[in-house]
Structures are given as C-alpha cells and as structure tokens.
S.K.: 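Structure below; questions to follow.
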Amino acid sequence: AQSVTQPDARVTVSEGASLQLRCKYSSSVTPYLFWYVQYPRQGLQLLLKYYSGDPVVQGVNGFEAEFSKSNSSFHLRKASVHWSDSAVYFCAVSLYNNNAPRFGAGTKLTVKP
Amino acid sequence: EAAVTQSPRNKVTVTGGNVTLSCRQTNSHNYMYWYRQDTGHGLRLIHYSYGAGNLQIGDVPDGYKATRTTQEDFFLLLELASPSQTSLYFCASSSGPSNERLFFGHGTKLSVL
C-alpha cells in the first residue's frame with residue numbers, strides 16, 4: 001500500500017517570493033506522483049506528474065517538482081509566486097497495478113500582497 | 001477537457017435519511033472514483049470502479065454503497081446517513097489506471113443534521 005504525507009497544513013508567503021511545498025511518500029516501489037491544485041469551491045486540477053526519467057518535472061503556471069528516491073519526497077516549487085496562486089495544494093501517489101490514487105491532507109497556500 | 005458533472009451541488013438531510021449522489025462523465029473514461037474531503041484529512045477514497053458493473057472498495061467505505069450503472073454514471077448511496085458523513089464529496093474519472101490524471105467534478109456538499 002502507499003501513503004503520502006504533507007507536513008505543512010498552511011504556508012504563507014509574500015508575493016514574488018519563492019515557494020516550496022513538501023510531500024513525502026511511503027511505497028515499496030517508485031510510485032506515480034502527482035501535484036494537484038484546488039481553488040475555492042472547485043474540484044482539483046492537475047499541476048504535474050512524475051513516474052520516471054528526469055527527477056525535475058515541469059508543470060503548469062511555472063510550477064515544478066523534484067523527485068528524490070533517497071528521501072522519498074516529491075516537493076513542489078515555484079520561483080516567484082503570484083497572489084492568484086493562493087489555493088490548496090495536494091500531493092497524490094498511486095502504484096502501477098491498477099491502483100487508485102491516494103492523496104495527502106493538503107497544504108493551504110496564502111500569498112500576501 | 002474532460003467533463004465530470006456532479007449532482008446535487010448541495011444536499012441537506014437528517015440522520016437516518018437516504019441520500020444518492022450522482023456523477024456523470026462524458027469522456028468515455030473507464031475509471032471513476034468517489035472521494036470525501038475533510039479538513040485535516042485531505043481526500044479519502046471511498047469507492048472506485050474500472051467500468052460498468054465493476055466496484056472496488058476504497059479506504060473509508062463504511063456507511064457507503066456505490067453503483068456503476070454505465071460507463072458514464074457512478075452513484076454513491078448513503079442509506080442511513082449519519083452526522084459523521086457530513087463532508088464535501090468529489091467524483092473523478094480517468095482514462096487509465098494509476099499513471100493517468102484524474103478529472104474532478106465540482107463537488108457535492110452534504111450536511112447530515
């Protein structure tokens with residue numbers, strides 16, 4: 001079975017600052033890894049995903065994430081945040097054998113003007 | 001863009017009541033999922049399906065039944081609703097297992113009084 005932990009329930013940053021949201025996973029094999037974003041009263045939307053290859057994967061709106069097998073992590077980054085990035089961000093993990101994705105508890109990002 | 005439509009958007013019922021949440025996707029996806037979202041827990045998997053007539057048990061199935069009548073339609077049934085089932089429910093679909101992105105509906109907010 002797989003699981004995912006997002007240790008930070010809330011993160012606040014100033015507009016223009018850099019951002020890192022943390023995600024740690026637990027799995028006996030390298031899983032598929034995803035980051036989703038949820039804007040108020042909406043469903044989740046995919047930012048990026050990773051399974052193999054270059055450990056740094058690019059996503060939409062300037063987001064990227066870095067996979068680390070040694071640390072079992074898949075942290076999300078952005079070089080310069082905008083107020084519109086304020087949302088809840090979810091890390092998700094699934095395995096290759098027809099396995100449904102499991103989500104972390106989410107990190108609520110607030111970008112101060 | 002895949003379309004996933006949930007109904008109703010909001011539902012209020014009383015303890016012991018009977019509730020059906022509906023989900024329809026119009027992109028010929030085989031895989032459909034029901035999640036509930038609660039503060040501090042993120043999204044938790046209730047039930048999922050690989051196709052019409054198929055049902056798989058998720059991580060928090062107690063008190064819920066699901067039925068996949070067609071490729072398009074996936075229903076979540078609460079036959080004796082309890083206040084602990086007050087939550088935001090999301091339906092999602094995907095074209096394949098594990099490594100494919102999920103497309104989410106806008107959610108159904110259920111209150112059990």
Side-chain angles (χ1 to χ4, degrees), chain A residues 1-10 21-27 29-53 57 59-60 65 67 74 87-108, chain B residues 1-7 9-10 21 23-25 29-51 54-61 66 68 74 87-109:
Chain A
Q2 76 279 31
S3 65
V4 59
T5 301
Q6 294 180 249
D8 305 309
R10 295 176 180 269
L21 301 181
R22 297 184 291 165
C23 173
K24 299 270 289 184
Y25 68 89
S26 174
S27 172
V29 298
T30 299
Y32 297 104
L33 294 158
F34 306 81
W35 276 99
Y36 286 84
V37 60
Q38 183 183 35
Y39 298 104
R41 204 57 177 101
Q42 294 188 27
L44 282 67
Q45 304 169 36
L46 182 71
L47 282 176
L48 46 80
K49 70 175 185 180
Y50 172 83
Y51 179 62
S52 64
V57 59
V60 299
F67 167 71
F74 188 55
V88 182
Y89 291 80
F90 290 94
C91 184
V93 58
S94 64
L95 301 180
Y96 63 93
N97 55 344
N98 279 348
N99 183 265
R102 267 67 173 186
F103 288 79
T107 297
K108 183 174 183 179
Chain B
E1 180 79 4
V4 180
T5 303
Q6 293 182 238
S7 61
R9 290 294 299 270
N10 293 280
L21 306 184
C23 178
R24 166 166 283 199
Q25 55 91 8
H29 287 172
N30 286 326
Y31 297 81
M32 296 185 75
Y33 312 83
W34 278 108
Y35 292 89
R36 59 176 290 175
Q37 182 179 14
D38 305 287
T39 303
H41 294 280
L43 274 72
R44 292 182 287 177
L45 181 66
I46 305 171
H47 291 298
Y48 58 110
S49 169
Y50 298 149
N54 176 269
L55 289 172
Q56 302 294 320
I57 296 173
D59 299 327
V60 290
R68 181 85 178 270
F74 195 29
S87 187
L88 182 58
Y89 291 85
F90 284 103
C91 176
S93 71
S94 66
S95 59
S98 305
N99 63 330
E100 297 296 332
R101 62 175 290 189
L102 268 59
F103 292 86
F104 284 84
H106 280 75
T108 294
K109 186 174 182 181

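Letters go in sequence order (proteins before strands), and every chain restarts at 1.
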S.K.: Taking all non-hydrogen atoms of both residues into account, name the closest pair between B/G40 and A/A105 and its distance.
M.R.: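 Looks like O-CB, 3.7 Å.
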S.K.: What heavy-atom pair brings A/P101 and B/Y35 nearest, and what distance separates the two atoms?
M.R.: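 Heavy atoms of A/P101 and B/Y35 come nearest at O-OH, 2.7 Å.
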S.K.: Which answer fits B/L88, side chain, backbone, both or neither, if we ask what part of it has an atom under 4.5 Å from a heavy atom of chain A?
M.R.: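 Side chain of B/L88 only, per the 4.5 Å heavy-atom cut-off to chain A.
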S.K.: Which atoms of B/H41 come close to chain A, meaning under 4.5 Å heavy atom to heavy atom: side chain ones, backbone ones, both, or neither?
M.R.: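 It is the backbone, since no side chain atom gets that close.
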S.K.: Do A/F34 and B/L102 have side chains that approach each other closer than 4.5 Å (heavy atoms only, starting at C-beta)?
M.R.: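 Not touching, per the 4.5 Å side-chain cut-off.
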S.K.: Who among A/K49, A/Q42, A/R102 has the most heavy-atom pairs with chain B under 4.5 Å?
M.R.: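 Greatest number of close heavy-atom pairs with chain B: A/R102.
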S.K.: Is chain A contacted by the side chain of B/R44, its backbone, both, or neither, given a heavy-atom distance below 4.5 Å?
M.R.: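 For B/R44, no heavy atom lies under 4.5 Å from chain A.
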S.K.: Is A/K24 atom NZ crowded by more than 12 heavy atoms from other residues, nucleotides or ligands, each under 6.0 Å away?
M.R.: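 Atom NZ in A/K24 is crowded, with more than 12 foreign heavy atoms closer than 6.0 Å.
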S.K.: Side chain from CB out, backbone as N, CA, C, O: work out which of these in A/Y32 comes under 4.5 Å of a heavy atom of chain B, or both, or neither.
M.R.: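 Side chain only.
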S.K.: How long is the straight-line distance from CG of A/L47 back to CZ of B/R101, given to the nearest 0.5 Å?
M.R.: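 These two atoms lie 10.0 Å from each other.
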S.K.: Identify the two heavy atoms, one from B/Q37 and one from A/F90, that lie closest to each other, and give their separation to 0.1 Å.
M.R.: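 The pair with the smallest heavy-atom distance is NE2-CZ, 3.3 Å.
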S.K.: Side chain, backbone, both or neither: which part of A/Y36 has an atom under 4.5 Å from a heavy atom of chain B?
M.R.: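 The answer is the side chain of A/Y36.
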S.K.: Write down the atom of B/F104, the atom of A/G43, and the distance for their closest heavy-atom approach.
M.R.: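 It is CB-CA, 4.0 Å.
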S.K.: What closest approach, in Å, do B/F90 and A/Q38 show between heavy atoms, and which atom pair accounts for it?
M.R.: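 Looking at all heavy atoms of both residues, the closest pair is CZ-NE2, 3.2 Å.
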S.K.: What part of B/L43 is in contact with chain A, defined as an atom under 4.5 angstrom from a non-hydrogen atom: side chain, backbone, both or neither?
M.R.: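 It is both, since atoms from each part get that close.
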S.K.: CG of B/L55: more than 12 outside heavy atoms within 6.0 angstrom?
M.R.: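 More than 12 within 6.0 Å, yes.
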